[in-house]
Number of protein chains: 2
Amino acid sequence: MRDVAERAGVSIATVSRVLSGSRPVRPDIAERVREVSEELGYRRNLLASSLRRQRTGTVGVVVPNAGDLRHARLVQALSQELHQRGDTVLMAHAQGSPEIEEESALRLLDRSVDGLVIVPCDVLRSRGLVATISRHVHVVQVENDVGVSGVDLIAVDEGAGVRLMLAHLAEIGRRRTLLVVEEGPEAGSARLEAYRQAAEAGRTTAVDEPVLGSGGMALGREVAERVTVGGDRGVDAIVCGDDLVALGALDGLRARSLAVPGDVAVTGFDDVGLAEVASPSLTTVHRPLAEIAAAAVERLEHARAAGGGPAVVWRLPPTIVVRESTVGPD
Amino acid sequence: MRDVAERAGVSIATVSRVLSGSRPVRPDIAERVREVSEELGYRRNLLASSLRRQRTGTVGVVVPNAGDLRHARLVQALSQELHQRGDTVLMAHAQGSPEIEEESALRLLDRSVDGLVIVPCDVLRSRGLVATISRHVHVVQVENDVGVSGVDLIAVDEGAGVRLMLAHLAEIGRRRTLLVVEEGPEAGSARLEAYRQAAEAGRTTAVDEPVLGSGGMALGREVAERVTVGGDRGVDAIVCGDDLVALGALDGLRARSLAVPGDVAVTGFDDVGLAEVASPSLTTVHRPLAEIAAAAVERLEHARAAGGGPAVVWRLPPTIVVRESTVGPD
DNA sequence: CTGTTAGCGCGTTCAC
DNA sequence: GTGAACGCGCTAACAG
């Protein structure tokens, strides 16, 4: 920076002002400074800048598992959004372990991130971590709520997703449904609740008790292999808690030579890459990751500008994507 | 840090030495310092440390598209590997555009990353960027080679993958193969070449000219719909350039009510999540992402320790994962 | 082994 | 509008 200042015949402070745009500088002089720094290939050292300004222009992103498509897409959306605002992403992934999550998150803190968005990997065991870091930096939780007061939460409105799907099914004359969701305190219960309410309100008919289980694809396959399909007592649509389970269901039905959606419709949840490559492609609830990312960044921006303010809880409405598994040729 | 020094009755330098472990300190004193800093909840400011040491403990990772499963898994593997070494990941994704890639990478440079691993998004148009950044920091390219001398390259040995797959097929009596790959200067040609050589050497029979095309799933579906299967002139295995194409092939064959692998086997390439959820599950070439990540990190470590040294080109051998689409029940 | 001091490269007070 | 000097928090070099 000294070199640039000398070559441009100005002081080092002027160079700083031109390059950071922190204060007005005479246009001709500014132009000259820019030329010289271009010429010398000079770039300011953001480390020094950050140290001085107490702001780094970096945001920490912590996800349970970076290799999972859902989180990968979220990171992508966040990264894109942050890039636009001139920020850089410091990424960490918990590898499914609260211990690693904690260590990673603290490391990001040590690097003085301006904000942190985290998908807590365990609703219970991540709680202390979120409480701690939220005392140092603005934190926004995504998806999972660990229940620390004063911390933002951005999630999708799971209940709305279920209602949307049931409405679609009702519209195409499928009211004899079976719900299959993965167990877990997280999103499953909200969906279950919404489903039960819909059944009580008569917007769908719960042919059987909802199936709770685990095992991803295997769960769906298993259910599909034993469910009674068609007729007065049978099911005409299997509503799955995520796309992977739905894939399993498709597989199980195929093994029985049942047609989808001819004999029975199948629906998923997430729409993060699996649904469109399934065969038949899956009608599914689309998780609005771009909107989630935008909302998270908006909250960080807000905190930066307005300081504190009360925490918010935003449940964003998902949309539904209709594909072959409910209205297809079969 | 001053506070800690005072409370522990030592100098600020001693605190630094204890916490960074840069020099031996008397054990009792060290213990006391650690206690005090724990007590005060003190954590050293890595920004200041980095500024002083000219090393940040961060590594930049640039991928074409963070939402793509292949790159997501790579980032995951890298992140894991780097976490172990105590490093943090600064992530950027190019969103498919060389311009954004360039801007992102330069930003990472401005943040003084210790090293950079990049999957160049365009073999031609990313060249200048790689040349530029490699003058400032140790760069390791992954997958795509932009052809700048002196820059490491870690990739998978595509030819070996094809040979492995053809050997497996031959072993189960499938020699009448058809190759279907996506066009592109990148990996496709290496596979094509390996295939042709195998055909000439009589290790497989190319029933027809290899199909080059684009469109992912649609490409595979289209080929499957028109290919002649079985008999003296037909195909008994479709070898696809990636799992998505293979998925399309499965779909196309299903539409014709042909059994996989009964009537014809299908194989993929990548094994990053799609192959195991396909139905039937896909026999595929496994891209060794963990090994690639480990190799990349090893190179960075090497550069850190040994300084320069000549650049390396490592083509890692893939493995083959046998699933239902070649040896299944059908 | 420990303390003192200088300075990493900037942004920001102040005076002018 | 511009320049000089201080300090962000830490580590490296030296002296003790």
Side-chain angles (χ1 to χ4, degrees), chain A residues 1-37 40-58 86 88 106-114 136-137 304, chain B residues 1-37 40-58 86 88 106-114 136-137 304:
Chain A
M1 188 150 132
R2 241 193 7 248
D3 299 353
V4 175
E6 277 175 23
R7 286 263 299 230
V10 296
S11 86
I12 192 174
T14 302
V15 177
S16 167
R17 294 200 264 258
V18 171
L19 265 35
S20 72
S22 60
R23 277 164 171 287
V25 171
R26 242 173 57 204
D28 54 332
I29 213 72
E31 188 49 40
R32 171 119 184 84
V33 168
R34 257 186 282 272
E35 269 173 25
V36 173
S37 38
L40 266 53
Y42 170 76
R43 303 208 119 222
R44 11 205 276 279
N45 182 326
L46 294 189
L47 241 51
S49 170
S50 299
L51 180 58
R52 182 62 235 245
R53 302 193 323 158
Q54 306 285 56
R55 277 196 46 228
T56 55
T58 61
T88 303
L106 291 180
R107 276 199 211 163
L108 298 189
L109 257 197
D110 292 347
R111 295 234 118 77
S112 311
V113 291
D114 294 339
H136 298 288
V137 74
R304 174 179 304 183
Chain B
M1 186 150 135
R2 239 189 12 246
D3 298 354
V4 175
E6 278 176 22
R7 287 263 299 231
V10 296
S11 87
I12 190 174
T14 303
V15 176
S16 168
R17 294 199 264 258
V18 171
L19 266 35
S20 71
S22 60
R23 277 168 170 287
V25 171
R26 240 175 57 204
D28 53 332
I29 273 284
E31 189 48 39
R32 169 120 185 84
V33 167
R34 259 186 281 271
E35 269 173 26
V36 173
S37 39
L40 268 52
Y42 170 76
R43 303 207 118 224
R44 51 201 243 278
N45 183 326
L46 293 190
L47 241 51
S49 169
S50 301
L51 180 58
R52 184 60 236 245
R53 303 195 329 162
Q54 306 285 52
R55 278 196 45 227
T56 55
T58 61
T88 303
L106 291 180
R107 277 199 210 163
L108 298 189
L109 257 197
D110 291 348
R111 295 233 118 76
S112 310
V113 291
D114 295 339
H136 298 288
V137 73
R304 176 180 302 182

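Here is the naming used below: chain letters follow the sequence lines, and residue numbers restart at 1 for every chain.
Atom pair B:Arg53:CZ and D:dG9:P shows a separation of 18 Å (rounding to whole Å applied). Remark: C1' of C:dG9 and CZ of A:Arg44 are 11 Å apart, rounded to the nearest angstrom. Rounded to whole Å, the distance from CZ on A:Arg26 to C1' on D:dG3 is 14 Å. C:dG7 atom C1' lies 15 Å from atom CE of A:Met1, rounded to whole Å. Spacing between atom CZ of B:Arg52 and atom P of C:dC10 amounts to 15 Å, rounded to whole angstrom units. The distance between atom CZ of B:Arg32 and atom P of C:dT2, rounded to the nearest whole Å, is 14 Å. In this structure, B:Asn45 atom CG and D:dT11 atom C1' are separated by 13 Å, rounded to whole Å. Computed from coordinates, the A:Gln54 CD to D:dC10 P distance equals 11 Å when rounded to whole Å.
Heavy atoms only, all atoms of each residue included: A:Leu109 and A:His136 are closest at CD1-CD2, 3.9 Å. Between B:Ala5 and B:Ser11, the closest heavy-atom pair is CB-C, 3.8 Å.
Counted by atom type alone, A:Arg111 and B:Thr58 present zero donor-acceptor pairs between their side chains at under 3.5 Å.
Residue contacts shown for A:Ile29 are limited to sugar-phosphate atoms, with no base heavy atom under 4.0 Å away.
Every residue meeting the side-chain contact (heavy atoms from CB on, under 4.5 Å) condition with B:Asp114, not counting sequence neighbours, appears here in chain and number order: B:Arg55, B:Thr56, B:Arg304.
Considering A:Val36, A:Val15, A:Val33 as possible partners of A:Arg7, the one that fulfils the side-chain contact (heavy atoms from CB on, under 4.5 Å) test is A:Val36.
Listed nucleotides D:dC8, C:dC1, C:dG11 differ in distance to A:Leu51; the shortest reach to its side chain belongs to D:dC8. Ranking C:dC8, D:dC10, C:dC10 by closeness to the A:Tyr42 side chain, first place goes to C:dC10. When each of D:dT11, C:dG11, D:dG9 is scored by its nearest atom to the side-chain atoms of A:Ser49, the top-ranked nucleotide is C:dG11.
Of the side-chain N and O atoms in B:Arg55, none sit less than 4.0 angstrom from OP1 or OP2 of C:dC8.
Between the side chain of B:Ser49 and the backbone N or O of B:Asn45, no donor-acceptor pair lies under 3.5 Å.
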Open item on the list: With side chain to side chain contact (heavy atoms under 4.5 Å, CB included) as the criterion, how do B:Arg43 and A:Leu106 come out once you've worked through the C-alpha distance, each side chain's angles and the decisive distance to 0.1 Å?
Closed with: CA-CA 9 Å; B:Arg43 303 207 118 224; A:Leu106 291 180; 3.7 Å; yes

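Residues from residues 10-22 of chain A with heavy atoms under 4.0 angstrom of DNA chain D, sorted by number: A:Val10, A:Ser11, A:Ala13, A:Thr14, A:Arg17.
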